[in-house]
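What follows is a short report on a single structure.
Numbers here simply count residues along the sequence, with the first being 1.
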Amino acid sequence: MSTRRITAELGDELPFEVNFIEQAEYIDTDSFAELTIEHPKEESILRKLMGGGAKLLIGPRGCGKSTLMLKAFYQMLASSSLQVLPVYVNFKLALKVEPLYSKGANAPFWFKGWLTLKVIEALWNTLEKVKNVKMPESFPKKEFVERTILKIEAGTTEDAEIEKFSISFLQQIIDDTLELNNISRCVLLIDDAAHAFSEKQQEDFFDFFRAVKSKSISPKAAVYPGITSHSPSFQVGHDAEQIDVWVKPSGEDYEIFMLQLARKRFEGTHVRLVDENKDDLVFLAYCSFGIPRAFLSMLRAIYNSPVSYFNADGSLSKSKILLLSRSGKDMSHRVYSSLEAKLPSLKSYVENGEFIYRVLLDNIKEFNTSKEHSEQTVQFGIRSPLEPNLEKVMSFYRYAGLIMPVGEFSRGESGVFSVYELHTGYLVSENAIVSRRTKSISLFLEVLRAKKHKIWPRTFSNKILEVAKLSSSDFKISLPQCQTCGTERPTPEARFCPNCGARLKSSSAYEYLADQDIAVLDISPAMKERIKRNSQIRKVRDILIDISREQLMSIKYIKKARAVKIVGAAEEYVS
């Protein structure tokens, strides 16, 4: 390992810190191929993404959906003869339009207009990358498109001229572009498509998705498991094939996949890591639970602070690696906890889910007690069908990446059981596997690498709720709070707060989230303190409106890589 000066988190950015950008959409085009690796099922997934028909790419946050979409996009662009026109559009900030729904300003009309304009803007970006392309006369000017998008997002819709930007108009300009350039079809790649925190908005998206599909237009959308709300007219399987891209955290292929990711990101640096510390990295990979973003966060920590992690002989400190292994489950838990702010009406489900998760964890821990390492399990089964409230909580776990569905298995007269795998990071940190006081990474790997058995603890919905000391009455739908004093409104129709008398405003998820202090963001406390001390940034919205990142990058020690991470954290929080 190099003996050069090592900088702490708030010191100067290290030369290769951009290598550890965790979200694919923020990686420079020139660096994308160098920093990404092949998904274990990449060939099959890309073939479906680049082919005909509608597809839904599904997986929890950070599992690689954006990477696969961008790979498909760049691969189609790089084709020697452009037979397919690829369009990549990110709808991450679709929630910016959500306040229109709470104001009743013909929101579906404006939202679908916004969707259409975002696709046209992305089509402009594609056509600018392709040489000698012809554009139809009806193609809207890019400046007009960008200006109108900003107006809709700002809620200033009075003078936004979007009447003609219907789905049929979008289909027509795409078809005209294809015909002019002798291209067979358009593949529309829609990233961060489904925003479950505005159910009506999400239903309108799927109406758009279903309507834009045609013989010449093949839409693909990245969505989340568990909490995606489709429109009544949209049927998964019939209207779109679903593709699960979450990599199962087991087996040699998984280990190779994650080690390749580590090699890519450390390539060119002075930190010798992968070959000398293979087992330690494999252990961290398992503790990331199949979510590359969590693994990259661990790698970033090692790169930023090698003095803390490496011993004098170049090996990694086992105690530090065991501590670092917790960060994967912490990341997923923060995503889960964020639902309390994003879905305030379902606050009780998120809160009660904390107790239920403990019950599931203890269930596995008890099952593994006194068992040989090769006989221990990381899975549990719940008899189907699940109690509705429990099923809702389990859907939140899937969204956050805290549990992974394995499938349904019959146990004869005992019934059919839905089997899930619990987050490896929790199993490790809570002693649910390798329960010895003196734990070692080799023992953990012995359990995690062991052949998966068909024997796992079986339980029932009522038993889980009983042990968690919960009943149906503990799960309730909360009404929006008074914006002045925080008191829950007594009825949906109430116009004034019964506590402080203030007029009750229409509730907007986006405005509420954007108005939160930056303390809620998934960045270090030291970074939050530095931002507040050296700028006027206080709330999440302050970061979101700093489009050029000038305000962030004017702060000492915040350059490109850290600005990207901070902006990414803000956009993740409101998406």
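- In this structure a side-chain-to-backbone donor-acceptor pair under 3.5 Å is missing from Ser348 to Phe475.
- Of the possible donor and acceptor atoms, none in the side chain of His373 sits under 3.5 Å from a partner among the backbone N and O of Phe444.
- With hydrogens and angles disregarded, a donor-acceptor distance shorter than 3.5 Å links the side chain of Ser338 to the backbone of Val335.
- With values rounded to the nearest 0.5 angstrom, Met331 atom CE is found 9.5 Å from Ser288 atom OG.
- Donor-acceptor pairing under 3.5 Å is lacking for the side chains of Ser317 and Asn311.
- Evaluated for a ring-ring contact (aromatic ring centres under 6.0 Å, His included) with Tyr224, the options Phe396, Trp246, Tyr399 yield exactly one hit, Tyr399.
- Counting heavy-atom neighbours within 6.0 Å of Lys463 NZ, excluding the residue itself, gives a total of 12 or less.
- Residues Leu281 and Phe295 approach most closely at O-CE1, 3.7 Å, considering heavy atoms.
- Of the inter-residue distances, the one linking Ile464 atom CD1 with Arg383 atom CZ reads 11.5 Å to the nearest 0.5 angstrom.
- Side-chain contact check for Leu465 versus Ser471: every heavy-atom pair is 4.5 Å or farther apart.
- Within the 4.5 Å cutoff, side-chain heavy atoms of Leu189 are placed close to those of Val187.
- Counting heavy atoms from C-beta outward, Ser442 and Asp279 have side chains that stay 4.5 Å or more apart.
- Counting heavy atoms from C-beta outward, Asp191 and Phe91 have side chains that stay 4.5 Å or more apart.
- Remark: the backbone N or O of Gly425 is paired with a side-chain donor or acceptor of Ser429 at under 3.5 angstrom.
- Closest approach of Leu521 to Ala569, counting heavy atoms only: CD2-O, 3.7 Å.
- Crowding of Gln260 atom CD: a count of heavy atoms from other residues, nucleotides or ligands under 6.0 Å exceeding 12.
- With respect to Tyr357, the ring-ring contact (aromatic ring centres under 6.0 Å, His included) criterion is satisfied by exactly one of Tyr420, Tyr336, Phe380, Tyr397: Tyr397.
- Asn277 and Tyr309 share no side-chain donor-acceptor pair at under 3.5 Å.
- Side-chain N or O atoms of Ser327 include one that pairs as donor or acceptor with a backbone N or O of Leu324 at under 3.5 Å.
- Atom CG of Leu46 is separated from atom NZ of Lys48 by 11.5 Å, given to the nearest 0.5 angstrom.
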**Message:** Assess the residue pair Phe367 and Ile455 against the criterion (side chain to side chain contact (heavy atoms under 4.5 Å, CB included)); give the C-alpha distance rounded to whole Å, side-chain angles, the decisive distance to 0.1 Å, and a yes or no.
**Reply:** CA-CA 10 Å; Phe367 182 86; Ile455 302 174; 3.6 Å; yes
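- Heavy atoms only, all atoms of each residue included: Gly401 and Ile291 are closest at CA-CD1, 4.2 Å.
- Rounded to the nearest 0.5 angstrom, Lys65 NZ and Leu70 CG are separated by 12.5 Å.
- The NE2 atom of His423 sits 9.0 Å away from the NZ atom of Lys329 when rounded to the nearest 0.5 Å.
- The main-chain N or O of Cys63 is never found under 3.5 Å from a side-chain atom of Arg293 such that the two would form a donor-acceptor pair.
- Side-chain N/O atoms of Ser384 and Ser418 include a donor and acceptor closer than 3.5 Å.
- Between Val350 and Leu343, the closest side-chain pair of non-hydrogen atoms is not below 4.5 Å.
- When all heavy atoms are compared, the tightest approach of Phe73 to Pro86 is CE1-O, 3.5 Å.
- Figure legend: Lys220 and Phe209 shown without cation-pi pairing, the cationic atom not lying both under 6.0 angstrom from the six-membered ring centre and within 45 degrees of its axis.
- A 4.5 Å side-chain heavy-atom check between Val520 and Val540 finds at least one atom pair inside the cut-off.
- With Glu372 contributing its side chain and Glu375 its backbone, the two residues share no donor-acceptor pair below 3.5 Å.
- For Gln376 (side chain) and Lys371 (main-chain N/O), a donor-acceptor pair under 3.5 Å exists by modelled atom type.
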**Request:** Start with the C-alpha gap between Leu445 and Val282, add the side-chain angles, then the distance that decides, and say whether side chain to side chain contact (heavy atoms under 4.5 Å, CB included) holds.
**Result:** CA-CA 8 Å; Leu445 287 177; Val282 168; 3.8 Å; yes
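- Screening residues 358-367 for salt bridge (Lys or Arg N to Asp or Glu O under 4.0 Å) gives Arg358-Asp362, Arg358-Glu430 as the qualifying pairs, with residues at least two apart or on separate chains.
- When the shell of 6.0 Å around NZ of Lys318 is examined, it contains more than 12 heavy atoms from other residues, nucleotides or ligands.
- There is no side-chain donor-acceptor pair under 3.5 Å between Gln516 and Tyr573.
- Note that the NZ atom of Lys320 and the OG atom of Ser308 stand 5.0 Å from one another [nearest 0.5 Å].
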**Request:** Test Ser332 against Phe289 for side chain to side chain contact (heavy atoms under 4.5 Å, CB included), laying out the working first.
**Result:** CA-CA 9 Å; Ser332 290; Phe289 201 47; 6.0 Å; no
**Request:** Could you please spell out the steps behind the side chain to side chain contact (heavy atoms under 4.5 Å, CB included) verdict for Glu255 and Glu252?
**Result:** CA-CA 5 Å; Glu255 294 185 14; Glu252 186 179 359; 5.6 Å; no
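- The closest donor-acceptor contact from the side chain of Asn368 to the backbone of Ala432 lies under 3.5 Å.
- Summarising the geometry of Asn352 relative to Asp474, their closest heavy-atom pair is ND2-O, 3.0 Å, with the distance given to 0.1 Å.
- Between Glu42 and Leu68, some side-chain heavy-atom pair lies under the 4.5 Å cut-off.
- A cation-pi geometry, defined here as NZ or CZ lying under 6.0 Å from the six-membered ring centre and within 45° of its normal, does not hold between Arg411 and Phe417.
- The two residues Ala240 and Lys55 come nearest to each other via the heavy atoms CB-N, 4.2 Å.
- Residue-environment remark: NZ (Lys347) stays at or below the threshold of 12 foreign heavy atoms within 6.0 Å.
- By the 30° and 60° cut-offs, the orientation of the rings of Tyr286 relative to Tyr254 is tilted.
- Annotation: Phe355, atom CZ; neighbour count of heavy atoms from other residues, nucleotides and ligands within 6.0 Å does not exceed 12.
- Looking only at distances, a side-chain donor or acceptor of Lys213 sits under 3.5 Å from a matching main-chain atom of Asp239.
- Contact check for Val84 versus Met50: no side-chain heavy atoms found under the 4.5 Å cut-off.
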